[in-house]
Amino acid sequence: MKKLVVITGASSGFGAQIAKIFSADGYPLLLLGRRLEKLEKVAQGMDNVMLEKVDVTDYAQFEKAIRKAEAKYGKTDLLVNNAGVMLLGNVQNQDPTEWQTMLDTNVMGVLNGTQIVLNDMRERQHGTILNMSSLAGKKTFVNHAAYVASKFGVHGLSETIREESAPKNVRIMMVAPGAAETELLTHVTSKSALTDYEAWKETMGGITLDPKHVAETVKFMYDMPQEVNIREVDIAATKQDS
């Protein structure tokens with residue numbers, strides 16, 4: 001039996017594609033998301049899969065789901081911290097609750113998941129935590145201030161925890177995608193920010209990155225031997241200029 005893979009935000013986008021590629025290779029999965037009916041669609045036809053409705057900002061709920069899966073499939077060998085929200089807007093007029101939502105999900109959610117599995121991995125001197133960040137974690141974009149802040153946070157915490165975990169042979173990896181065909185934009189409330197984004201997307205031919213290629217990249221990184229850590233991959237559509 002292959003080792004347990006846990007994926008947050010698995011109901012759509014990158015998470016759903018990552019789930020499909022690992023399931024096809026025979027890995028037992030724990031898929032986490034806030035929308036159970038969407039998780040069920042993703043999991044159709046999969047073997048050895050558990051689904052749990054979890055908000056990653058709720059530590060106790062998050063931990064309970066992981067321990068339940070570990071009781072069945074063994075310890076987590078890969079945690080993909082993929083859950084995230086992108087609420088575009090300008091700080092001059094954006095609702096501060098949107099900032100808090102992004103910081104809670106994009107930063108606290110990653111820290112929560114990491115702590116839940118990290119100590120076991122350090123004890124075993126084996127395991128991988130892969131954080132899905134963004135190109136907005138290394139460069140700025142207009143109307144993305146709070147989102148950029150959250151993703152710079154993911155870059156910073158990932159590299160810090162990687163340094164701390166290196167002596168214990170635990171891998172902390174990060175993937176930073178550019179604009180992609182996901183559901184991230186469906187929650188944006190700022191009409192002007194959305195219009196600007198759509199215009200920018202048109203300069204790339206109207207199609208951004210296909211999430212399946214991000215999933216293929218995650219799988220390639222994980223498949224390296226435990227003693228090899230591909231620390232960070234930046235991946236975007238060729239036509240994305242920024």
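Note that these values count all heavy atoms, side chains included, but never hydrogens, waters or copies made by symmetry. None of the values given here were measured: they were computed from a predicted structure.
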Checklist entry - Where is the tightest heavy-atom contact between Gln240 and Ala236, given as atom of each residue plus distance? => result OE1-CB, 3.8 Å

Next on the checklist: Same cluster or not: Val5 versus Val214, using hydrophobic residues (I, L, V, M, F, W, Y) connected whenever any side-chain heavy atoms lie under 4.5 Å apart?
Outcome noted: yes

Checklist entry - So, the side chain of Ser23 versus the backbone of Ala19: is there a donor-acceptor pair under 3.5 Å, distance only? => result no

Checklist entry - Donor-acceptor pair, Ser150 side chain versus Tyr147 backbone, under 3.5 Å? => result yes

Checklist entry - So how far is it from Leu103 CG to Thr57 OG1, rounded to the nearest 0.5 Å? => result 12.0 Å

Checklist entry - Going by heavy atoms in the side chains, are Met121 and Thr76 under 4.5 Å from each other? => result yes

Next on the checklist: Hydrophobic cluster membership, with links at side-chain heavy-atom distances under 4.5 Å among I/L/V/M/F/W/Y: are Ile116 and Leu31 in one?
Outcome noted: no

Next on the checklist: Before you tell me yes or no, could you show the steps for Ser158 and Arg231 under side-chain contact (heavy atoms from CB on, under 4.5 Å), namely the whole-Å CA-CA distance, both residues' side-chain angles and the distance that decides it to 0.1 Å?
Outcome noted: CA-CA 9 Å; Ser158 298; Arg231 298 179 184 183; over 6 Å; no

Next on the checklist: For Val175, run the side chain to side chain contact (heavy atoms under 4.5 Å, CB included) check against Ile18, Ile235, Asn82, Asp234 and tell me which one passes.
Outcome noted: Ile235

Next on the checklist: For Asn106 versus Val154, what's the shortest heavy-atom pair and its separation?
Outcome noted: O-CG2, 3.2 Å

Checklist entry - Checking Gln226 side chain against Asn169 main chain: does a donor-acceptor pair fall under 3.5 Å? => result yes

Next on the checklist: What I want to find out is whether Glu63 reaches Arg67 closely enough, with some N-O distance under 4.0 Å, to be called a salt bridge.
Outcome noted: yes

Checklist entry - From Met224 CE over to Thr128 OG1, what is the distance, rounded to the nearest 0.5 angstrom? => result 12.0 Å

Checklist entry - About how many Å separate CE of Met173 and OG1 of Thr217, when rounded to the nearest 0.5 Å? => result 12.0 Å

Checklist entry - Where do Phe14 and Val80 land on the side-chain contact (heavy atoms from CB on, under 4.5 Å) test, with the steps shown first? => result CA-CA 10 Å; Phe14 301 135; Val80 182; over 6 Å; no

Checklist entry - Less than 4.5 Å apart, any side-chain heavy atom of Met86 and any of His144? => result yes

Checklist entry - Is Gln94 reaching over with its side chain to a backbone N or O of Leu87, donor-acceptor style, under 3.5 angstrom? => result yes

Checklist entry - Between Phe141 and Lys139, is there a cation-pi geometry (under 6.0 Å to ring centre, at most 45° from the normal)? => result yes

Next on the checklist: Show, in sequence, the C-alpha distance, side-chain angles and deciding distance for His126 and Lys3, and conclude whether the side-chain contact (heavy atoms from CB on, under 4.5 Å) test is met.
Outcome noted: CA-CA 11 Å; His126 202 284; Lys3 292 172 177 169; 3.8 Å; yes

Checklist outcome for this item: Residues Asn81 and Gly109: closest non-hydrogen pair is OD1-O, 4.1 Å

Checklist entry - Under 4.5 Å between side-chain heavy atoms, hopping through other hydrophobics if needed: is there a path connecting Met50 to Ile7? => result no

Checklist entry - Rounded to the nearest 0.5 Å, how far apart are CD1 of Ile66 and OG1 of Thr8? => result 9.0 Å

Item to check | Arg162 side-chain N/O to Arg171 backbone N/O, donor-acceptor pair under 3.5 Å | outcome: no

Item to check | Val56 vs Leu32 side-chain heavy atoms within contact, under 4.5 Å | outcome: no

Item to check | Presence of salt bridge, Lys168 and Glu123, under 4.0 angstrom | outcome: no

Next on the checklist: Under the criterion side-chain hydrogen bond (donor to acceptor under 3.5 Å, both in side chains), I'd like the reasoning laid out for Asn131 against Ser133: C-alpha separation, chi angles, the key distance, then a yes or no.
Outcome noted: CA-CA 6 Å; Asn131 297 330; Ser133 187; over 6 Å; no

Next on the checklist: I need the Gln17 CD to Glu216 CD distance, nearest 0.5 Å.
Outcome noted: 9.0 Å

Checklist entry - Got Thr114 and Asn112 here, is their nearest side-chain heavy-atom distance under 4.5 Å? => result no

Next on the checklist: What I'd like to find out is whether the side chain of Val218 reaches to under 4.5 Å of the side chain of Met132, using heavy atoms alone.
Outcome noted: yes

Item to check | Connected via hydrophobic side-chain network under 4.5 Å: Ile129 and Val228 | outcome: no

Next on the checklist: Please find the pair of heavy atoms, one from Met174 and one from Met221, that lie closest to each other, and give the distance.
Outcome noted: O-CE, 3.8 Å

Next on the checklist: Has Asp210 got a side-chain atom pairing as donor or acceptor with His213's backbone, closer than 3.5 angstrom?
Outcome noted: no

Checklist outcome for this item: Nearest heavy-atom contact between Lys53 and Arg34 is CE-O, 3.4 Å

Item to check | Neighbour count above 12 (heavy atom, 6.0 Å) for Met108 CE | outcome: no

Next on the checklist: Between Leu118 and Val170, does the side-chain contact (heavy atoms from CB on, under 4.5 Å) criterion hold? Intermediate values first, please.
Outcome noted: CA-CA 8 Å; Leu118 184 60; Val170 174; 4.1 Å; yes

Next on the checklist: Does any part of the side chain of Tyr27, heavy atoms only, come nearer than 4.5 Å to the side chain of Tyr222, both counted from C-beta?
Outcome noted: yes

Item to check | Student check: side-chain heavy atoms of Leu79 and Leu130 closer than 4.5 Å | outcome: no

Checklist entry - Any link between Phe62 and Leu157 through a network of hydrophobic side chains (Ile, Leu, Val, Met, Phe, Trp, Tyr) touching at under 4.5 Å? => result yes

Next on the checklist: Do Lys219 and Phe22 form a cation-pi contact, if we require the NZ or CZ to be under 6.0 Å from the six-membered ring centre and within 45 degrees of the ring's axis?
Outcome noted: yes

Item to check | Considering all heavy atoms, the nearest Val42-Ala16 contact | outcome: CG2-CB, 3.8 Å

Next on the checklist: Please determine whether a side-chain nitrogen of the Lys or Arg among Asp77 and Lys2 lies less than 4.0 Å from a carboxylate oxygen of the Asp or Glu.
Outcome noted: no

Next on the checklist: For the backbone of Asp55 and the side chain of Gln61, can you confirm whether one donor and one acceptor N or O come within less than 3.5 Å of each other?
Outcome noted: yes

Checklist entry - Between atom CG of Leu209 and atom OG1 of Thr238, what is the distance when rounded to the nearest 0.5 Å? => result 9.0 Å

Checklist entry - Do Met46 and Leu29 have side-chain heavy atoms sitting under 4.5 Å apart? => result yes

